[in-house]
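Notes follow once the structure below has been shown.
Below, all heavy atoms of this structure are taken into account, side chains as well, without hydrogens, waters or symmetry copies.
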Amino acid sequence: MQDVASLVTQAREGRPRAVARLISLVEGASPQLREVMAALAPLAGNAYVVGLTGSPGVGKSTCTSALVTAYRRQGKRVGVLAVDPSSPFSGGALLGDRVRMSDHASDPGVYIRSMATRGHLGGLAWAAPQAIRVLDAAGCDVVLVETVGVGQSEVEIASQADTSVVLLAPGMGDGIQAAKAGILEIGDVYVVNKADRDGADATARELNHMLGLGESRGPGDWRPPIVKTVAAREEGIDEVVEALEKHRAWMEERGVLAERRLDRASREVETIAVTALRERIADLHGDRRLSALAERIVAGDLDPYRAADSLVEGLTEG
């Protein structure tokens with residue numbers, strides 16, 4: 001068993017091994033997870049969480065690395081949660097993002113963690129909310145969350161980040177078409193990366209046109225800016241940081257930031273409760289109560305909805 005209080009103290013002092021152990025307890029759904037969350041709760045809530053999403057190949061990792069450099073120049077501590085595809089053999093992360101961000105490996109003001117999706121859809125790992133809280137409580141001023149790069153289904157990042165950044169790149173074929181169904185609706189800041197390529201201006205114009213279609217913003221509402229970058233050369237990155245800071249200031253002024261964090265906490269509680277209920281139902285397989293309800297459904301004495309209601313009532317009362 002880990003000494004959670006000691007790990008939290010060491011994490012607050014900036015010791016990466018302590019942060020790593022806390023996140024490992026989260027990822028592994030350790031029996032000490034409740035103790036970890038209870039210890040972190042009063043320490044979290046200060047970090048600015050930025051989510052980066054977009055189709056594979058747009059340069060998310062390169063952009064994330066460039067943002068780390070920009071924030072470190074401002075003297076801020078930065079945490080990076082890079083959600084990688086799962087290994088089909090071990091279930092672990094393939095670590096591609098961490099390799100691409102190796103320039104920051106020796107910086108004590110930067111903590112980079114790769115997490116495996118483990119089959120979780122939406123571009124994030126199931127343990128991402130708790131891992132973000134670990135980095136927040138460990139004293140990170142900014143937490144950058146980079147999604148796995150699965151295209152349209154990556155909209156989940158909008159529910160975990162204070163500000164969502166959607167990246168696109170010219171020459172990606174149907175990049176904007178692929179984004180239409182989901183991620184174009186969640187962006188607070190849009191980045192056209194690899195802007196030194198042909199077609200960058202056209203991509204920005206098309207994006208601007210699409211964002212304007214059906215726009216129903218009132219006076220003072222946030223209009224997502226479009227920033228062109230060449231992240232590999234850190235060109236345009238300062239403009240991205242400026243756009244992020246403007247969005248944060250706008251959210252704080254309008255009370256939107258507090259609302260987003262409240263929604264995030266509500267969703268997290270709901271997920272934990274539903275997961276716990278699902279586990280209790282799974283434990284009933286082979287139980288006489290479940291078999292009796294199934295027999296009544298087959299006999300036509302009971303419909304499945306009433307059976308489910310009966311089962312949930314029994315579980316909650318028990």
Side-chain angles (χ1 to χ4, degrees), residues 7-23 39-53 59-83 97-115 128-129 131-146 157 160-165 167 188-189 191 193 225 227-253 256-258 260-261 264:
L7 285 178
V8 170
T9 299
Q10 291 175 42
R12 295 285 289 175
E13 293 171 352
R15 300 187 187 182
R17 285 188 179 180
V19 178
R21 285 174 182 166
L22 287 171
I23 294 181
L40 296 179
L43 304 173
N46 300 306
Y48 177 40
V49 182
V50 178
L52 294 98
T53 189
K60 291 190 298 296
S61 295
T62 306
C63 190
T64 300
S65 181
L67 283 172
V68 171
T69 300
Y71 278 121
R72 288 299 291 144
R73 280 199 296 263
Q74 296 180 4
K76 294 182 177 179
R77 290 183 65 186
V78 184
V80 178
L81 196 61
V83 183
D97 292 307
R98 198 188 307 190
V99 170
R100 288 190 287 274
M101 285 183 256
S102 59
D103 290 347
H104 306 290
S106 60
D107 186 344
V110 179
Y111 182 86
I112 300 171
R113 175 73 175 224
S114 291
M115 291 185 72
I132 291 170
R133 184 173 289 107
V134 171
L135 294 174
D136 184 354
C140 291
D141 300 298
V142 179
V143 176
L144 303 175
V145 184
E146 180 195 333
I157 187 60
Q160 300 298 336
D162 297 323
T163 298
S164 296
V165 179
L167 283 88
D188 299 304
V189 175
V191 172
N193 192 32
V227 184
K228 289 188 287 187
T229 65
V230 183
R233 299 201 296 260
E234 298 185 7
E235 294 176 10
I237 296 301
D238 288 341
E239 287 77 5
V240 176
V241 172
E242 182 181 354
L244 292 173
E245 291 306 313
K246 284 182 178 178
H247 184 244
R248 182 179 187 176
W250 176 84
M251 288 192 296
E252 290 175 341
E253 180 184 339
V256 175
L257 184 60
R260 288 192 176 190
R261 292 180 175 180
R264 188 191 310 166

(request) Taking R72 for its side chain and K76 for its backbone only, find out whether a donor-acceptor pair lies under 3.5 Å. (result) yes
(message) For G109, is there any backbone N or O sitting under 3.5 Å from a side-chain donor or acceptor partner on R77?
(response) no
(message) Quick one: does any side-chain atom of R113 pair with a main-chain N or O of A20 as donor and acceptor, under 3.5 Å?
(response) yes
(message) Quick check for you: to the nearest 0.5 Å, what is the distance between E235 atom CD and N193 atom CG?
(response) 10.5 Å
(message) Could you tell me if the side chain of Q74 sits less than 4.5 Å from the side chain of D141, heavy atoms only?
(response) no
(request) State whether the side chain of D136 and the backbone N or O of A47 hold a donor-acceptor pair below 3.5 Å, judged by distance alone. (result) yes
(request) Hey, could you give me the OG1/CD distance between T163 and E245, rounded to the nearest 0.5 Å? (result) 8.5 Å
(message) Within the 4.5 Å heavy-atom criterion, are L43 and R12 side-chain neighbours or not?
(response) yes
(message) Donor-acceptor check, side chain of R261 to backbone of G45, threshold 3.5 angstrom: yes or no?
(response) yes
(message) To the closest 0.5 Å, what do you measure between CD1 (I112) and CG (D107)?
(response) 9.0 Å
(message) Do L135 and Y111 make a side-chain contact, defined as non-hydrogen atoms from C-beta onward lying under 4.5 Å apart?
(response) yes
(request) Check whether any side-chain N or O of S65 sits under 3.5 Å from a backbone N or O of S61 as a donor-acceptor pair, and report yes or no. (result) no
(request) Return yes if some donor-acceptor pair links the side-chain N/O of Y48 with the main-chain N/O of L244 below 3.5 Å, else return no. (result) yes
(request) Considering non-hydrogen atoms only, spot the tightest contact between A70 and D238 and give its length. (result) CB-OD1, 4.3 Å
(message) For P16 versus G14, what's the shortest heavy-atom pair and its separation?
(response) CD-O, 3.2 Å
(message) Going by salt bridge (charged side-chain N to carboxylate O under 4.0 Å, His left out), name the residues that satisfy it together with R21, two or more places apart in sequence or in a different chain.
(response) none
(message) Less than 4.0 angstrom from a charged side-chain N to a carboxylate O is my criterion; do D162 and R260 meet it?
(response) no
